[in-house]
Amino acid sequence: MSKILIRGARVLGGEAQDVLIDGETIAGVGTDLPAGDATVVEAEGRILLPGLVDLHTHLREPGREDSETVLTGTRAAASGGFTAVFAMANTFPVADTAGVVEQVYRLGQEHGYCDVQPIGAVTVGLEGRKLAELGAMHESAAGVTVFSDDGKCVDDAVIMRRALEYVKAFGGVVAQHAQEPRLTEGAQMNEGVVSAELGLGGWPAVAEESIIARDVLLAEHVGSRVHICHLSTAGSVEIVRWAKSRGIDVTAEVTPHHLLLTDELVRSYNPVYKVNPPLRTERDVLALREALADGTIDIVATDHAPHPHEDKDCEWAAAAMGMVGLETALSVVQHTMVDTGLLDWAGVADRMSFAPARIGRATGHGRPVSAGEPANLTLVDPAYRGAVDPAGFASRSRNTPYEGRELPGRVTHTFLRGRATLMDGKLA
């Protein structure tokens, strides 16, 4: 294994230091480290972070390889600075058995651009009627710890209670897609002034908030862990804040797009802005930023949702919901949280590496940048400014809401256990 010396990087945004990688491990951190026979990466002015961890990624394989594969998705992850991603279960077939989660896990190992940890379905076929093989998926080679029917809500309270009871036995967590289905029938966008003016079916905030309120109470009753996926409203923030004040074991995530974009963009009728949960109001966006800054929201997760061109290049009502996000996530977080003074780079490391690794039990990830730790690292040029060009994406899909928008920051290097998956902005 080769040696790499990262020279003069600001570790977690602090003072400039050198970081020596030897094989799969960080061998030393300090100033004026001798290069010896190491390959030198000049990193003056750049930020060195632990490798990013995404707790919410859709890789689409098996079944929808026209929109993404484990290979293309993990290449996109490496381009965005991620060294580990958690792959959602809404594939075809659904990842509700040990066999399917092991298939996804092994594809990630084969391709080697980042670690892939499958998320298991909570219910068989995501149908909400019967618990899936939670224990078997946990005991499989994939070692599943996170379970979600994401894309659908586990709306049956009894099923949700049983899932929380089951995963408690091995320290797992249920990640809930909070959407009361009866309140969102025919919904096309956030319910509010804009939906009324456009005549589009409204998606009320209470559809999310009512499920979160129920589930934090269930988690308290059972004494288990619940994680709230893609939290999107100011009201949801208040419920999670209240739950944490009671000592309930709840964690929550926010997506980059919910930190930046609002439902005003839907006036364009461009389906690139159609997403689940929908883009909300400016008030919600500001509440989400504040909650991420104060720790009420624990992590940023991309909800990377690739779709082929034909599923987005159509009329609004027929379009699929979702946006790609792995390759732009860190730039959006820099723009909304760092450049606004709400978070420093150490805070970014916590929300995008340490905390998601801890929630998902991602061994070897979300570790300190110090000697003896695995060399899972991301190097960022925060001074970069450039317009987003989806033609250069590593993802198989191009459904980004940021095309042509200038965003700050650029990942220049990503290291997975000491091996460069991204070098000088180019995939290895």
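FYI, the numbering just counts along the sequence from 1. This structure is a prediction, so every number in the text was calculated from the model and none was measured. Heavy-atom basis, side chains included; hydrogens, waters and symmetry copies ignored.
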* Asked: Would D284 and S232 count as a side chain to side chain contact (heavy atoms under 4.5 Å, CB included) if you check the C-alpha gap in whole Å, the side-chain angles of each, and the deciding distance to 0.1 Å?
  -> CA-CA 7 Å; D284 293 310; S232 70; over 6 Å; no

Mark yes when over 12 heavy atoms from residues, nucleotides or ligands other than [X] sit less than 6.0 Å from its [atom1]; otherwise mark no.
X: E110; atom1: CD; answer: yes
X: E44; atom1: CD; answer: no
X: R385; atom1: CZ; answer: yes

Taking all atoms of both residues into account, what is the closest heavy-atom pair of [X] and [Y], and its distance?
X: V122; Y: L134; result: O-CD2, 3.8 Å
X: V324; Y: P306; result: CG1-CA, 3.7 Å
X: L326; Y: G73; result: CD1-O, 3.5 Å
X: P374; Y: R367; result: CD-CG, 4.2 Å

* Take V101 and V104, measure what side chain to side chain contact (heavy atoms under 4.5 Å, CB included) needs, and give me the verdict at the end. => CA-CA 5 Å; V101 296; V104 175; 5.8 Å; no

* Asked: When rounded to the nearest 0.5 angstrom, what is the spacing between CG in L107 and CD in Q109?
  ->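 Spacing of CG (L107) from CD (Q109) equals 10.0 Å.
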
* Rounded distance (nearest 0.5 Å) linking atom OG1 of T255 with atom NE2 of H56 ->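 If I round to the nearest 0.5 Å, the distance is 9.0 Å.
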
* Could you go through the side chain to side chain donor-acceptor pair (under 3.5 Å) check for R289 and T340 one step at a time? => CA-CA 10 Å; R289 292 183 187 182; T340 57; 5.4 Å; no

For a quick check under 3.5 Å, do [X] and [Y] share a side-chain donor-acceptor pair by atom type?
X: S397; Y: E68; value: no
X: S236; Y: T233; value: yes
X: E127; Y: T123; value: no
X: D54; Y: T302; value: yes
X: H230; Y: D150; value: yes

* Could you check F82 against T57 for side chain to side chain contact (heavy atoms under 4.5 Å, CB included), going step by step and ending with a plain yes or no? => CA-CA 11 Å; F82 292 89; T57 301; over 6 Å; no

* Step by step, work out the side chain to side chain contact (heavy atoms under 4.5 Å, CB included) result for H307 and V272. => CA-CA 10 Å; H307 291 291; V272 76; over 6 Å; no

* Step by step, would you call T72 with T69 a side chain to side chain donor-acceptor pair (under 3.5 Å)? -> CA-CA 5 Å; T72 59; T69 65; 3.1 Å; yes

Do [X] and [Y] sit within salt-bridge range, that is, some charged N less than 4.0 Å from a carboxylate O?
X: E42; Y: R7; result: yes
X: K244; Y: D298; result: yes
X: E165; Y: R162; result: yes
X: D311; Y: R64; result: yes
X: E208; Y: R280; result: yes

* Asked: Where does the angle between the aromatic ring planes of F415 and H413 fall among parallel (under 30°), tilted (30 to 60°) and perpendicular (over 60°)?
  ->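 Because their plane-to-plane angle is under 30°, the rings of F415 and H413 count as parallel.
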
* **Qualifying residue, where the test is side-chain hydrogen bond (donor to acceptor under 3.5 Å, both in side chains) with R417 and the options are T25, T83, N376, D115** =>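 Of all the options given, the one that passes is D115.
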
